[in-house]
Amino acid sequence: MNDKIRLRFAPSPTGALHIGGVRTALYNYLFTQKMGGTLILRIEDTDQTRYVPGAETYILESLRWLGMEFDEGPGIGGDFGPYRQSERKSLYGKYAQDLIDSGNAYYAFDTAEELTAMREAFESRKETFRYDGITRQQLKNSLTLSAEEVKTRLESGDPYTIRLKVPRDEEVLINDIVRGEVVFQTNELDDKIMLKGDGMPTYHLANIVDDHLMKISHVVRGEEWLPSTAHHILLYRFFGWEDTMPQFAHLPLILRPNGKGKLSKRDGDKLGIPVFPIAWEAEKAEDSFKGFREFGFMPQAVLNFLAFLGWNPGTEQEIFSLPQMAEAFSLDRISKAGARFDFDKASWFNQQYLIQTENATLGQLLKPLAKEKNYEVTDEYLTIVASMMKERVNFLPDIIKTGYYFFEPVREYEEKMIRKKWNPDRKTALLALNEQLENLPDYQAEKLEAHTKTYLEANGLGFGDVFPFYRIALSGTTKGPALFEMMEALGRAEVKKRLLTAFPAFDEVFANKINS
RNA sequence: GUUCCUGUGGACAAAUUGGUUAAGUCGUUGCUCUUUCACAGCAAAGAUUGCGGGUUCGAGCCCCGUCAGGAAUACCA
């Protein structure tokens, strides 16, 4: 155990956890596993206006489904709690005050309305308003107002924020593990709010204070945070925490499957693909959606797929168990460029996992799905069906969907082949063959095949004269598992029943063909 | 607009850190196997490494410029 390595995943409970967030969690997880460090879950709920009930539960359930375990966090415990920022509210004021006392922050009394008006005015001149080292000299804050006025305003309970006093004419160097050196000029930085009017800290303050207090060693987060990292470094400097400042690694974005821009919920709706780990139940139906889980993805496959969106091990191995992945993982092999979300590749990963999984295990996973359909079958039967179907589908539920004929009568016969090849005269031979097969002592695939072969030879028939019709009669389609294995699975009684219902239907198709 | 980030076949990407003919995977197409489909195996097509200069015996990699895309620019995270 390496107690120097402490990482945190810090989602905000403002809605469902996006797949990009899942990947961030995964990289944090993999790195701590690799290093033998500690993984912390911290809930960043400092904005009560955006708080969404159920979001935290959703995050927890997603992470649990995916199999990523945390060492510290809400509901888990740890020596650095509480792990919800709303429960740490009383902590942050002191640090904001420290910033004021050291001259690195100031009180600002400008109202939100005034600032919006200011922004609009700048906008109309095609300029962008920024609360910074220049504009703050014209605004209502403790730098421009007299000491007495500030005092009376504070004492009378005037609403205020505390803003970071970004110094002029300096450079801030970020040494990012994935980006290398990135330099920002402080003159380009705005005076970010540290403490909001409601007394809550902003992300920037809370994040730095908590990362320091929780002894975080590495911050692995999305690229969207890179621009504000300069502010964060300034904060570490002002607090005198530079020695223990964490190392940063900013992850590339996950891009939408086609077109430009980052992957969004809309892409999921439009393309009918999952963009979230698990389903989200909203009050309004149109706000609800399915996740990878409901699509039938296996959690390990999702993780494997996600891991390769922006990282690769440098070897040709692509299928990794979670421990193997952790072993192979390293932050400096994370790529800089955004990675496009490719559903085909995700499906491929899932199929690989499906094929790799034991049939009996798949049988167990199929059980609830079969129950949903009221299929009364044994575990053994589900295992057999799984063994026959798993190479032919991408997702577990498809075994039941496309292989429905293992559980209920054929719904529809594929007419094309019947029209092309069916001949009512063929019936006699087919039924005769089936009768012989039915009377075989062992109704078992190899025996069935061997007997069929001799029968066909004796009667001058080929496999092609028999195969498609049996197949369609049993499953409705010419695609699917090996015929004799299907027969064995269904059993002699069911096979006979299906032939007897199918052949008259074939005749009908044939009659229509003649008439038209 | 400004700041920052990023550009290698359709997608993900590798390239021993400046060294010869730019890996591999997904996808596409074909073949083999299986008288089906899928899996598997084999093969093919697909790239002037965004573009233009420069340095060098030699550039995907270093330098300059340029273009494109993205992110940030909230009392959101």
Side-chain angles (χ1 to χ4, degrees), chain A residues 10-14 44-47 49-50 85 108 110-112 115-116 119 122-123 125-131 159-163 174 176 178-180 182-185 187-190 192-204 206-207 221-230 250 252-253 255 257-262 305 308-318 333 335-349 351-352 354-355 388-394 402 414 417 462-468 471-472 475 477-483:
Chain A
S12 190
T14 53
E44 309 223 326
D45 55 350
T46 50
D47 185 1
T49 63
R50 292 211 310 156
Q85 288 184 329
D110 323 85
T111 65
L115 292 174
T116 314
R119 267 186 202 98
F122 270 67
E123 193 89 14
R125 278 179 278 144
K126 297 225 179 245
E127 286 171 44
T128 306
F129 169 75
R130 192 168 62 197
Y131 208 124
Y160 67 89
T161 62
I162 292 181
R163 281 182 183 269
I174 300 168
D176 190 275
V178 345
R179 318 261 149 197
V182 181
V183 184
F184 283 89
Q185 306 296 324
N187 291 4
E188 300 294 340
L189 269 29
D190 65 329
K192 286 225 179 305
I193 289 178
M194 297 288 106
L195 208 66
K196 298 185 271 188
D198 63 2
M200 275 291 203
T202 55
Y203 171 88
H204 309 286
N207 198 259
R221 69 201 337 180
E223 184 183 80
E224 66 270 24
W225 292 109
L226 190 55
S228 51
T229 305
H250 287 95
L253 259 21
L255 274 17
N258 40 44
K260 298 292 183 182
K262 66 175 178 182
F305 164 67
F308 274 76
L309 241 39
W311 172 85
N312 74 81
T315 66
E316 290 191 359
Q317 186 180 351
E318 286 205 284
R333 286 201 68 89
S335 49
K336 296 182 178 75
R340 203 169 287 277
F341 181 96
D342 183 357
F343 188 73
D344 283 341
K345 187 98 191 210
S347 303
W348 177 80
F349 269 110
Q351 188 185 37
Q352 293 298 308
L354 224 47
I355 291 172
M388 286 189 283
M389 293 300 290
K390 68 176 180 179
E391 282 171 358
R392 284 163 242 271
V393 297
N394 287 131
T402 64
E414 200 175 89
M417 182 60 75
F463 269 127
D465 299 315
V466 174
F467 250 70
R471 189 177 274 294
I472 295 172
S475 68
T477 167
T478 51
K479 300 173 187 167
L483 177 62

A40(B) phosphate, OP1 or OP2: any side-chain N/O from Gln352(A) under 4.0 angstrom?
yes
Once you apply the 3.5 Å cut-off to both distances, tell me the Watson-Crick or G-U wobble partner of C61(B), or none.
none
Nearest-nucleotide pick for Trp348(A), side chain only, options being A77(B), C39(B), U25(B):
U25(B)
Look at the side chain of Glu223(A) and decide which nucleotide, out of A71(B), C75(B), A13(B), has an atom nearest to it.
A71(B)
note: Asn258(A), atom CG; C12(B), atom P; distance rounded to Å ~ 12 Å
For A74(B), does OP1 or OP2 lie under 4.0 Å from any side-chain N or O of Arg119(A)?
yes
In whole angstrom, what separates Lys262(A)'s NZ from U6(B)'s P?
17 Å
Under 4.0 Å between a side-chain N/O of Arg179(A) and OP1 or OP2 of C4(B), yes or no?
no
Who is the Watson-Crick or G-U wobble partner of U21(B), with both distances under 3.5 Å?
none
Expressed as a whole number of Å, how far does the P atom of C57(B) sit from that of U73(B)?
48 Å
Ile174(A) has an atom CD1; how far is it from atom P of C4(B), in whole Å?
11 Å
Nucleotide forming a Watson-Crick or wobble pair with G1(B), both distances under 3.5 Å:
U73(B)
Using atom CD of Glu318(A) as one end and atom C1' of A23(B) as the other, report the distance to the nearest whole Å.
13 Å
Interatomic distance, Phe349(A) CZ vs G27(B) C1' [rounded to whole Å]
14 Å
Ignoring backbone atoms, test whether Thr46(A) places a side-chain nitrogen or oxygen under 4.0 Å from the OP1 or OP2 oxygen of A77(B).
yes
If G30(B) has a Watson-Crick or G-U wobble mate with both distances under 3.5 Å, name it; if not, just say none.
C42(B)
Looking at Ser335(A), I'd like to know whether one of its side-chain N or O atoms comes within less than 4.0 Å of OP1 or OP2 on C12(B).
no
Return yes if some donor-acceptor pair links the side-chain N/O of Asp176(A) with the main-chain N/O of Val182(A) below 3.5 Å, else return no.
no
Measure the distance from CG on Leu255(A) to C1' on G70(B) and round it to the nearest whole Å.
7 Å
Between Arg50(A) and Asp47(A), is there a side-chain N and carboxylate O pair less than 4.0 Å apart?
yes
Do Phe343(A) and Phe305(A) make the cut of ring centroids closer than 6.0 angstrom?
no
What is the base-pairing partner of A68(B), counting Watson-Crick and G-U wobble geometry with both distances under 3.5 Å?
U6(B)
Going by modelled atom types, is there a donor-acceptor pair between the base of C76(B) and the side chain of Arg50(A) at under 3.5 Å?
yes
Can you tell me how far P of U3(B) sits from NE2 of His250(A), to the nearest Å?
20 Å
Indicate whether OP1 or OP2 belonging to C75(B) is found under 4.0 Å from a side-chain N or O atom of Lys192(A).
no
Distance check, P atoms only: C61(B) and G18(B), in whole angstrom units.
11 Å
Does Lys196(A) place a side-chain N or O at less than 4.0 Å from the phosphate oxygens OP1/OP2 of A77(B)?
yes
It should be established whether Asn312(A) places a side-chain nitrogen or oxygen under 4.0 Å from OP1 or OP2 of nucleotide A14(B).
yes
Go through the N and O atoms of the side chain of Arg340(A) and the base of C12(B), and report whether any donor-acceptor pair is under 3.5 Å.
no
Would you say A71(B) has OP1 or OP2 under 4.0 Å from some side-chain N or O of Arg221(A)?
no
